[in-house]
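Right, one structure below, let's go through it.
For ligands, and for the atoms within them, numbers begin at 1 and follow the listed sequence. FYI, side chains are in, hydrogens and waters are out, and symmetry mates aren't considered; it's all heavy atoms of this structure.
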Amino acid sequence: MPEFFEKDFILINLAILQRLHGPIPFDIFIERAPSAYTKIFKKTFYVDFDRIKKYTEEKKVHNFFVERKDYDDYLKLVASTSHDFFTKAEGKSVDEIVSVIKDVADLSLLELMQKNAVNPESITYATNAIKGCITTLSKDRTSLVRLLKLISGHPYSFRHSITTAVFSLLLAKAAKIEGQRNLEILGLGALLHDIGMSMISMQIEDRKDLSPEEWKEIKSHPEVGKRILEDIKNVPTEAKLIVLQHHEQPNGNGYPNNLYSRDIFFLAKIVGIADTFCALILPRPYRDRVYTVYEAIDVMVYDRGKFDQKLVDLFATLFVKAKELSEKKKVS
Ligand SMILES: [Fe+2]
Ligand SMILES: [Fe+2]
């Protein structure tokens, strides 16, 4: 099966366009026949939702695509509409807020499914757990809105946070970590792990040729993140510890505190693995290419000292299972 990013047309999440208050910055297509795409909306025009309704209800067309060359613009649009939403979220209900998160989660999961990375049942499990985390946070709406505004401020960070939470929860499930409180700590820690990056200038974050001083700034994000969360009561102390420790490595080469395995919080090790994996498989401006799911696993399995060995091996089995399942489906 060809990998997702090798395709010329990429599936998009239409729900997100409903929050767009201007012309679309890319063409939108439907697939008339296998691999035959037709343009239905032209760039710079407004989305005509009546026409979309006709496609979905009368013609039973549910998949809409953008060209690969426009995918980056699509992601930027997703990020900016979500960020706009959270910036003006004061009067919005918790349900509305959760639905925006769900749209972005759906988008991320759509990508993962197209990459053949996870099976639908796992996705349902992870999204439900994430919804639970948001509900916990929403007991203090001001904090919820403030935190979401911060994690959605960068075109890549919101999606990255959500996918990291998904994979953290799936790995925890495989590691037989149970109990509502543990999952809540893990989900929140993963969703908020890079919140400290919101204080780092985007020009630095999107480049690969960083000076030592700029690297130092980037490496401060776990501590900055912990400080941002310090007085938010609905975020449990253990979730704050995840934020602080997600770049520590069992071999002592991590940051900020060069901790060794025995001193790293177990759930922070889980988030560290999911975080690296998501950074490898999803596109970032400073990287020349994205890794396929299996390449990413290979990189991580061979990079032994960086991760907890048992957990990485367990993580790899998640994808073997997903692969077997999709092959079985193809045969039947
Ligand atoms: Fe990070
Ligand atoms: Fe991260």
Side-chain angles (χ1 to χ4, degrees), residues 75 79 82 101 104-105 107-109 111-112 117 126 130 133 147-148 150-172 185-202 204-208 210 214-230 235 238-251 253-259 264-265 267-287 290-291 293 296-297 299-300 303 306-308 311-312 315:
L75 293 181
S82 319
I101 295 166
V104 180
L107 162 74
S108 313
L109 299 169
E111 284 181 49
L112 298 172
I130 292 174
C133 295
L147 296 178
L148 291 173
L150 288 178
I151 55 172
S152 66
H154 187 279
Y156 299 89
S157 60
F158 198 19
R159 234 164 26 107
H160 171 71
S161 306
I162 290 175
T163 41
T164 302
V166 169
F167 284 107
S168 300
L169 288 158
L170 295 181
L171 176 55
I185 289 168
L186 180 71
L188 282 175
L191 275 177
L192 302 171
H193 77 278
D194 272 341
I195 198 159
M197 288 297 265
S198 60
M199 298 295 149
I200 287 160
S201 131
M202 259 186 230
I204 297 184
E205 208 194 325
D206 288 351
R207 277 183 14 230
K208 50 181 169 183
L210 295 177
E214 286 169 330
W215 259 116
K216 212 175 140 197
E217 196 181 335
I218 293 257
K219 285 185 165 180
S220 70
H221 79 271
E223 281 164 313
V224 173
K226 193 185 161 249
R227 238 175 288 141
I228 293 175
L229 299 173
E230 217 124 73
V235 178
E238 296 95 322
K240 294 172 188 169
L241 197 59
I242 293 177
V243 175
L244 180 68
Q245 294 187 350
H246 74 277
H247 283 292
E248 297 289 354
Q249 297 174 9
N251 60 11
N253 291 336
Y255 61 89
N257 293 317
N258 299 95
L259 298 181
I264 307 172
F265 181 34
L267 298 182
K269 290 179 183 170
I270 290 188
V271 173
I273 290 172
D275 176 32
T276 305
F277 177 74
C278 293
L280 290 171
I281 64 164
L282 295 177
R284 297 295 286 252
Y286 53 79
R287 197 177 303 116
V290 285
Y291 287 68
V293 167
I297 294 289
V299 168
M300 293 169 68
D303 227 337
K306 261 188 163 180
F307 309 100
D308 182 289
L311 281 176
V312 170
F315 193 62

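- Results of the side chain to side chain donor-acceptor pair (under 3.5 Å) test with His193 over Gln245, His246, His160 single out His160 as the only residue that passes.
- Around the Fe ion (ligand 1), the protein atoms of type N, O or S that sit closer than 2.8 Å are Asp194 OD1, His221 NE2, His246 NE2, His247 NE2.
- The Fe ion (ligand 2) has His160 among its coordinating residues (N/O/S atom, backbone or side chain, under 2.8 Å).
- Under the rule for a side-chain hydrogen bond (donor to acceptor under 3.5 Å, both in side chains), the partners of Glu238 that lie at least two apart in sequence or sit in another chain are Arg181.
- Residues passing the ring pair (Phe, Tyr, Trp, His ring centres under 6.0 Å) test with Phe265: none are found, sequence neighbours excluded.
- With sequence neighbours excluded, no residue forms a side-chain hydrogen bond (donor to acceptor under 3.5 Å, both in side chains) with Glu223.
- Shown here is Lys240, whose NZ atom has more than 12 heavy atoms of other residues, nucleotides or ligands within 6.0 Å.
- The main-chain N or O of Phe307 is never found under 3.5 Å from a side-chain atom of Gln249 such that the two would form a donor-acceptor pair.
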